Amino acid sequence: MCGRASLTKNEKELEIRFNAGFYTEDIERYNPLPNFNLGPGQYHPVITNQDQHNFNFLRWGLVPYWAKDEKIAYKLINARSETIQEKPSFKESVQKRRCLIPLDGFYEWRKDKSGQSLPYRFVLPRKEVFSVAGIWESWNAPNGATLQTFSIITVKANETVGRLHGRMPAILFPAEEKLWLDDELKTEDHLQLLRPFPSENIYGYPVSTKVNSVKNNGADLIMESAHPKLIQGSLF
């Protein structure tokens, strides 16, 4: 499961990285960046297969178009790649509504001997932005408003992330991003892109327990902390 992440870059950096723009009214409305502690229920910039040259702000936690209400969202923040075609909540989305979710880190936890949850941030070697494969939906609320939401696709964890958790986000290589959004490809081809990111291309480091509360959101959250590091598959 991926339940917390970060995107600490600004809009200009994202525009250059993805060759996509922001809608001015969205930046003024959401003003979400940088976000050091992204959690479910928050709005986040994504690139959808239907608007590949712009970022759109969608809320994290999928609400299928057929849902009676939006309460289901917190149960659908992640979609497992292995069963995504079998689940009614995800099947049509992966076929018709895919998106890129830009992040530059995600968090996982372990408990120490006292039971305290110690957070670790997983990043790429240069802490650069990466894309996670996602799905999105558009839901019409009873009051007539339209709510657009997304879910992060997860895969089996690689060795690095697997030290703390059995799942990880489906990180894509840059060359795979356009393929994930390509409506001309078959769903089976899209699913071939969903696999564990190589262990040697990602590393984790300990961060402040302030991350444990989504109410906290500052640059100090991603600074390395003093609790045990992840080294050679073990905690020291």
Side-chain angles (χ1 to χ4, degrees), residues 1-7 11 14 18 20-103 106-107 131-155 167 169-170 180-183 185 187 190-191 194 211-217:
M1 176 178 178
C2 178
R4 208 73 66 75
S6 67
L7 182 58
E11 289 84 359
L14 293 178
F18 290 96
F22 281 86
Y23 293 109
T24 302
E25 59 269 27
D26 283 347
I27 295 177
E28 294 175 348
R29 178 181 180 184
Y30 298 105
N31 191 27
L33 301 174
N35 192 341
F36 301 94
N37 202 0
L38 170 67
Q42 295 182 16
Y43 282 84
H44 187 72
V46 307
I47 298 176
T48 72
N49 60 313
Q50 293 185 9
D51 190 6
Q52 298 185 28
H53 299 294
N54 294 286
F55 289 96
N56 285 270
F57 286 86
L58 278 59
R59 198 178 75 181
W60 187 5
L62 199 76
V63 180
Y65 69 89
W66 44 259
K68 294 181 179 179
D69 57 55
E70 57 184 279
K71 294 179 181 179
I72 195 173
Y74 287 93
K75 297 180 180 179
L76 302 178
I77 64 171
N78 293 158
R80 295 173 68 98
S81 63
E82 297 89 344
T83 58
I84 198 168
Q85 286 200 99
E86 303 169 10
K87 302 294 184 180
S89 300
F90 306 135
K91 183 176 181 179
E92 186 171 326
S93 294
V94 75
Q95 295 172 352
K96 299 180 180 180
R97 291 176 289 278
R98 296 170 308 283
C99 62
L100 299 176
I101 304 162
L103 300 173
F106 62 94
Y107 301 100
S131 290
V132 170
I135 52 177
W136 66 279
E137 274 284 4
S138 186
W139 179 73
N140 295 320
N143 64 3
T146 299
L147 175 65
Q148 292 189 317
T149 59
F150 71 91
S151 180
I152 288 177
I153 297 176
T154 66
V155 295
R167 309 290 298 176
W180 178 247
L181 298 180
D182 190 348
D183 288 331
L185 291 182
T187 301
H190 289 130
L191 296 180
L194 307 177
V211 171
N212 295 3
S213 173
V214 75
K215 295 180 181 179
N216 297 323
N217 198 329

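Treat the numbers as computed from the prediction; the structure is a model and nothing was measured.
Applying the side chain to side chain contact (heavy atoms under 4.5 Å, CB included) rule to D51 yields the partners Y23, T48, N54, N56; only residues at least two apart in sequence or on another chain are considered. In this view, W180 and H190 satisfy the ring pair (Phe, Tyr, Trp, His ring centres under 6.0 Å) rule, not counting sequence neighbours. For F106, the ring pair (Phe, Tyr, Trp, His ring centres under 6.0 Å) criterion is met by F122, not counting sequence neighbours. For Y30, the ring pair (Phe, Tyr, Trp, His ring centres under 6.0 Å) partners two or more places apart in sequence, or in a different chain, are Y43, F57. Every residue meeting the side chain to side chain contact (heavy atoms under 4.5 Å, CB included) condition with N143, not counting sequence neighbours, appears here in chain and number order: A141, A145.
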(message) Under the criterion side chain to side chain contact (heavy atoms under 4.5 Å, CB included), I'd like the reasoning laid out for L191 against I84: C-alpha separation, chi angles, the key distance, then a yes or no.
(response) CA-CA 9 Å; L191 296 180; I84 198 168; 3.8 Å; yes
(request) Tell me, with the steps shown, if F55 and D26 meet side chain to side chain contact (heavy atoms under 4.5 Å, CB included). (result) CA-CA 9 Å; F55 289 96; D26 283 347; over 6 Å; no
(request) Show your working on salt bridge (Lys or Arg N to Asp or Glu O under 4.0 Å) between R98 and D183 and close with a plain yes or no. (result) CA-CA 9 Å; R98 296 170 308 283; D183 288 331; 2.7 Å; yes
(request) Kindly determine whether W60 and N78 satisfy side chain to side chain contact (heavy atoms under 4.5 Å, CB included), including the steps that lead there. (result) CA-CA 9 Å; W60 187 5; N78 293 158; 4.3 Å; yes
(message) Using the rule given for side chain to side chain contact (heavy atoms under 4.5 Å, CB included), can you reason through N49 versus W136, listing the C-alpha separation, both sets of side-chain angles and the distance that settles it, and then say yes or no?
(response) CA-CA 10 Å; N49 60 313; W136 66 279; 3.0 Å; yes
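In this structure the side chain of L58 never reaches within 4.5 angstrom of the side chain of T149, judged on heavy atoms. Put simply, the side chain of I47 does not reach to within 4.5 Å of the side chain of S131, judged on heavy atoms. Side-chain contact between L76 and P64 is present, with heavy atoms from C-beta onward closer than 4.5 Å.
Distance check, rounded to the nearest 0.5 Å: SG of C2 to CG of L103 gives 7.0 Å. Rounded to the nearest 0.5 angstrom, S213 OG and R4 CZ are separated by 7.5 Å. The distance from the NE2 atom of H44 to the CZ atom of F150 is 5.5 Å, given to the nearest 0.5 Å. For the atom pair L38 CG and Y107 OH, the distance stands at 9.5 Å (nearest 0.5 Å). Atom OG of S6 sits about 8.5 Å away from atom CG of N37, to the nearest 0.5 Å.
Looking at R80 and E86, no side-chain N of the basic residue comes within less than 4.0 Å of a carboxylate O on the acidic one, giving no salt bridge.
Nearest heavy atom pair, residue T154 against residue R167, reads O-NH2, 2.9 Å.
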Pair up each side-chain donor or acceptor in residues 87-97 with any protein partner under 3.5 Å, not counting sequence neighbours, and list the distances.
{"residue": "E92", "atom": "OE1", "partner": "Y65", "partner atom": "OH", "Å": "3.2"}
{"residue": "E92", "atom": "OE2", "partner": "R97", "partner atom": "NH2", "Å": "3.4"}
{"residue": "S93", "atom": "OG", "partner": "E137", "partner atom": "OE2", "Å": "2.8"}
{"residue": "R97", "atom": "NE", "partner": "E137", "partner atom": "OE1", "Å": "3.4"}
{"residue": "R97", "atom": "NH2", "partner": "E137", "partner atom": "OE2", "Å": "3.0"}

